[in-house]
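Here is how names work: the chains are called A, B, and so on, in the same order as the sequence lines, proteins then strands, and each is numbered from 1.
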Amino acid sequence: MTTATTPGANAAGAAAGLPAIEVYSTLTKKKAPLVTVRPGHVGMYLCGPTVYKPSHIGHMVGPVIFDTVKRHLGYSGWQVTWVVNITDVDDKIIAESAARGTTMARLAEEMTADYLANLASLGVAGIDHMPKATEHIGTIIAFIEGLIAKGCAYASDGDVYFDVTQDADYGKLTNRSVEQTQGEGGSTAERKRSAADFALWKKAKPGEPAWDSPWGPGRPGWHIECSAMSKALLGPHFDIHGGGLDLVFPHHENEIAQSESLHDCPMATFWMHNGLMQAAGGAAGKVGGRPRGADGTSGGGAAAGGDAAADVAAQTAAKISKSTGAEPFRNLLARHRPEAIRFLLLSTHYRSPIAFGEEPLGECARAMEAFERLFARFQRITGRSFHALPSRDRRAGDAAVAAAGGDVVALRAKFLAAMDDDFNTAIAMATLFDFVRVANKFIDSSALEKQPAPADVATLTAVMEVFRELTAVLGLFLVAPAAQPTAGDDDLVAKLMELVIEIRANARKAKDFATADLVRTKLTAAGILLEDRADGTGWVRKA
RNA sequence: GGCUCCGUAGCCAAGUGGCUAAGGCAGCGGAUUGCAAAUCCGCCAUCGUCGGUUCGACUCCGACCGGAGCCUCCA
């Protein structure tokens, strides 16, 4: 295969000789060819976390998905700049730090470190910039001044608000009108001209962290940092803006309002939103979706008639969030390999909700073992480590692809077509399973484990090189599984096992199966599995 | 009440206006094995319900039922 470029591809992509890639946008509700602001370059911004508590699994979804997006685009020839912001100034951080008796800065630093460690464990490696709100206060203030100068915002008693009535197409992302929007309530409500106006700058209360501004001491509102920092790092119009589906309103709607009012150009060409984590198995305690006005504002008669229905809903899946008491991600890592978590995140289409729990994770771990058994087979046959194979990072084909045979070439094409179609990792993953089957079948049919013919070894190596290339696009199987925890007795155990296996082999040769089976049964009970293969007996620890 | 999305085999989960409706887990049958394990082969769905559009729909439209998200902080 030389190239997967489709004739009639989008102008920018085709001009640069790049494959055509379709991307879905929440704004248009359909897929469109990836045409970029600068040909061959992709600017991508993902809304990162507010760092006030340890991150949970929900915070990992976006980064893993967009890391995969970047891997695929980079592999396909684009140059990608990926920005993930850190919100390190916010009411919640202030409240939490006060409760802990520490400072906002210290808490934010601690939680940012936790977040970064979690990302690293999942193989999220492609983030180019991680701007912090507190490091861009000047940028933010300048942005707000620009909005005021254009008549899109107004100062009010130390606060600054965005005036939604000045934005003709406010609500276009989520198809809602200003009247349908309630906006922040509480004490700020009386300082706003309309309910749907939202804060760009918040006046500091006594004792709160504050920065000087033309409107007095205060701090940025929630949405403004993303508008200001994305402009600073990616420009007023960039290519992909991502985030969780729960951020579409109000966060992204308001980002669009701010940025497009100031710049008079689209903020982002594509708005990509990932589905939210659901707790699998209905174990999560759902707080409950409340009907409009059920918060004691109105007497709430007719509208809130679904108490029984709410009880039923509590038995089914519910979004994982702070309200469901999601456990810190690092606790999860104590029970599960991070690779299995990434595997699970990518096995569902990114826009769908993902059922998360012990069962699905266990299933992924088991599925990964089938892949790793193939890697071990490959290593026994060729003496080469799958993980040390060269990983081609460009999708232009080469001799190794053709040398792997027709089945592999076809699977590779299917994989790439799936990824080109709005990053369909679910189908891409399916082809990986097909891949394992093709490789195992080849090993079986050519008796590679008994008497390896050089030509067959070369073919198998070519097959595995393609496999390595594709798994790298997904960020899977990047490193060898962690060594078994054997408490430093590896050498001794290996020698003893060698002896035991030899004795058992002699017993089998003498048709003394009672002894042979006794050995195997006892070892199994001790957590060691024996496998009698064509090329000898192997063993593996199984906790 | 408003705005989105979803409902595919026992479970998870892709996908399409008409060819055999991906893949995984579980299950069943077979090959292989002394027996296992691993591996391979085969089997296992008419696509929530009811209407409509169409030569033809699981895929388009409508209604209904069920579920999720957002409308207030949330990845």
Side-chain angles (χ1 to χ4, degrees), chain A residues 26 29 46-50 52 55-63 65 84 90-92 171 174-177 179-186 196 222 242-251 253 273-278 280 289-293 295 302-304 309 312-313 316-323 326 344 347-349 351-355 359-360 362-364 366-367 369-370 373-374 376-377 414 418 421 424-434 436-437 439-441 443-445 449 508 511-513 516-517 520-521 524 529-534 537-538 540 542:
Chain A
T26 308
K29 293 188 178 61
L46 174 69
C47 285
T50 299
Y52 70 109
S55 45
H56 59 70
I57 179 63
H59 296 113
M60 299 295 119
V61 184
I65 286 165
V84 180
D90 173 89
D91 293 356
K92 291 193 295 294
T174 49
N175 187 29
R176 73 188 75 203
S177 64
E179 299 79 56
Q180 289 170 343
T181 309
Q182 185 172 266
E184 305 167 86
W222 176 33
L245 223 42
D246 55 347
L247 292 184
V248 183
F249 191 92
H251 188 51
E253 192 73 81
H273 291 100
N274 60 269
L276 305 179
M277 275 290 175
Q278 312 272 146
R290 35 188 175 285
R292 212 79 180 109
D295 264 323
V312 173
T316 60
K319 170 186 166 186
I320 291 176
S321 71
K322 67 182 185 204
S323 61
L344 176 62
S347 59
T348 300
H349 186 94
R351 267 184 278 123
S352 302
I354 306 172
E359 293 300 313
E363 204 176 283
C364 286
R366 265 173 278 133
E369 285 172 16
R373 277 191 296 268
L374 171 63
R377 277 188 110 180
K414 184 182 172 192
D421 183 10
N424 194 327
T425 56
I427 291 182
M429 297 275 287
T431 67
L432 257 35
F433 282 96
D434 291 334
V436 171
R437 191 175 312 111
N440 274 320
K441 203 190 300 190
I443 294 172
D444 287 349
S445 66
E449 286 174 315
R508 292 176 70 203
K511 306 247 186 261
D512 178 7
F513 297 122
D517 290 347
R520 189 171 62 199
T521 307
T524 302
L529 292 188
L530 289 189
E531 292 182 7
D532 296 324
R533 299 183 304 256
T537 297
V540 63
K542 187 85 177 183

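Atom CG of A:Asp444 and atom CD of A:Glu449 lie 7.0 Å apart (nearest 0.5 Å). With rounding to the nearest 0.5 angstrom, the OG atom of A:Ser347 is 8.5 Å from the CD atom of A:Glu363. With rounding to the nearest 0.5 Å, the separation of CG in A:Asn175 from OG1 in A:Thr26 is 13.0 Å. Here CE of A:Met277 is found 10.0 Å from NE2 of A:His56. Values are rounded to the nearest 0.5 Å. The NE2 atom of A:His59 lies 7.5 Å from the OG1 atom of A:Thr50; values are rounded to the nearest 0.5 Å. Rounding to the nearest 0.5 angstrom, the gap separating the CG atom in A:Asp532 from the CZ atom in A:Arg508 is 3.5 Å.
Taking every heavy atom of both residues into account, A:Thr174 and A:Arg176 meet most closely at OG1-NE, 2.9 Å. Heavy atoms only, all atoms of each residue included: A:Ala428 and A:Ala418 are closest at N-CB, 4.0 Å.
Only the C1' atoms considered, B:rC58 is 30 Å distant from B:rG2, to the nearest whole Å. Comparing the C1' positions of B:rU16 and B:rG56 gives an interatomic distance of 14 Å, to the nearest angstrom. Remark: the separation of the C1' atoms in B:rC71 and B:rG52 is 33 Å, to the nearest Å. Nucleotides B:rC55 and B:rC40 have their C1' atoms positioned 44 Å apart, rounded to a whole Å. When the C1' atom is compared between B:rA13 and B:rA38, the two are found 26 Å apart, to the nearest whole Å. Across B:rG27 and B:rU32, the matching P atoms stand 22 Å from one another, rounded to whole Å. Going from the C1' atom of B:rC41 to that of B:rU46 covers 26 Å, rounded to whole Å. Taking atom P in both B:rA57 and B:rC19, the straight-line distance is 11 Å, to the nearest Å.
Distances shorter than 4.0 Å separate none of the side-chain N or O atoms of A:Arg520 from OP1 or OP2 on B:rC35. For the OP1/OP2 pair of B:rC73 and a distance below 4.0 Å, the side-chain nitrogens and oxygens of A:Thr50 include no atom meeting the criterion. Phosphate proximity of B:rA68 to A:Lys319: absent, as no side-chain N or O sits under 4.0 Å from OP1 or OP2. Here A:Asn175 reaches the OP1 or OP2 of B:rU4: one of its side-chain N or O atoms lies under 4.0 Å away.
Screening A:Ile57, A:Leu276, A:Val61 for a side-chain contact (heavy atoms from CB on, under 4.5 Å) involving A:Ile354 leaves a single residue, A:Val61.
The separation between A:Glu359 atom CD and B:rG10 atom P is 18 Å, rounded to whole Å. Put simply, NZ on A:Lys441 is 18 Å from P on B:rU32, counting in whole angstrom units. Atom NE2 in A:His251 sits roughly 15 Å away from atom P in B:rC70 (whole-Å rounding). Rounded to a whole Å, the NE2 atom of A:His59 is 11 Å from the C1' atom of B:rC73. In this structure, CD of A:Glu253 is placed 16 Å from C1' of B:rU72, rounded to the nearest angstrom. Residue A:Asp517 contributes atom CG, which lies 11 Å from atom P of B:rC35 at whole-angstrom precision. Look at CD1 on A:Ile443: it is 12 Å from C1' on B:rA38, rounded to the nearest Å. In this structure, A:Asp246 places its CG atom 13 Å from C1' of B:rU4, rounding to the nearest Å.
Taking the side chain to side chain contact (heavy atoms under 4.5 Å, CB included) definition, one finds that A:Ala367 meets it with A:Phe343, A:Phe433, sequence neighbours left out.
Taking only side-chain atoms of A:Pro49, from C-beta outward, the nucleotide of B:rA75, B:rC70, B:rC40 with the closest atom is B:rA75. The side chain of A:Arg176 sits closest to B:rC71 out of B:rC71, B:rC40, B:rG34. Looking at the side chain of A:Phe249, the nearest of the listed nucleotides B:rC71, B:rA36, B:rU39 is B:rC71. Of all nucleotides listed (B:rU39, B:rG34, B:rC73), B:rG34 comes nearest to the side chain of A:Ala516. Of all nucleotides listed (B:rC35, B:rA68, B:rA38), B:rA38 comes nearest to the side chain of A:Glu531.
Pairing partner, B:rC73: none, since no Watson-Crick or wobble contact has both distances short of 3.5 Å. With both pairing distances under 3.5 Å, B:rA57 is matched to nothing as a Watson-Crick or G-U wobble pair. Base pairing of B:rG34: no nucleotide in any strand meets the Watson-Crick or G-U wobble criterion (both distances under 3.5 Å). Using Watson-Crick or G-U wobble geometry with both donor-acceptor distances under 3.5 Å, B:rA21 finds no partner in any strand shown. Under the Watson-Crick or G-U wobble criterion, with both distances below 3.5 Å, B:rA68 is paired with B:rU4. Checking B:rC43 for Watson-Crick or G-U wobble geometry (two distances, each under 3.5 Å) identifies B:rG27 as its partner.
Heavy atoms of A:Leu247 sit under 4.0 angstrom from primed sugar atoms or phosphate atoms, though from no base atom. Among the protein residues, A:Leu530 comes within range of the nucleic acid bases, having at least one heavy atom under 4.0 Å from a base atom. Nucleic acid contact for A:Gly58: base, since at least one base atom lies under 4.0 Å from a heavy atom of the residue. When heavy atoms are screened at a 4.0 angstrom cut-off, A:Ser177 is found touching no nucleic acid atom at all. No engagement by A:Gly171 is indicated, since no non-hydrogen atom pair under 4.0 Å with the nucleic acid exists.
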> What does nucleotides 15-31 of chain B look like as a protein-contact string, B for base, S for sugar-phosphate only, - for none, at under 4.0 angstrom between heavy atoms?
Replying inline: S------BSBS------
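No more than 12 heavy atoms of other residues, nucleotides or ligands lie within 6.0 Å of NZ in A:Lys511, so this atom counts as exposed by the packing criterion.
Comparing A:Val248 and A:Leu46, the nucleotide of RNA chain B nearest to each residue sits closer to the 5' end for A:Val248. Comparing A:Asp532 and A:Cys47, the nucleotide of RNA chain B nearest to each residue sits closer to the 5' end for A:Asp532.
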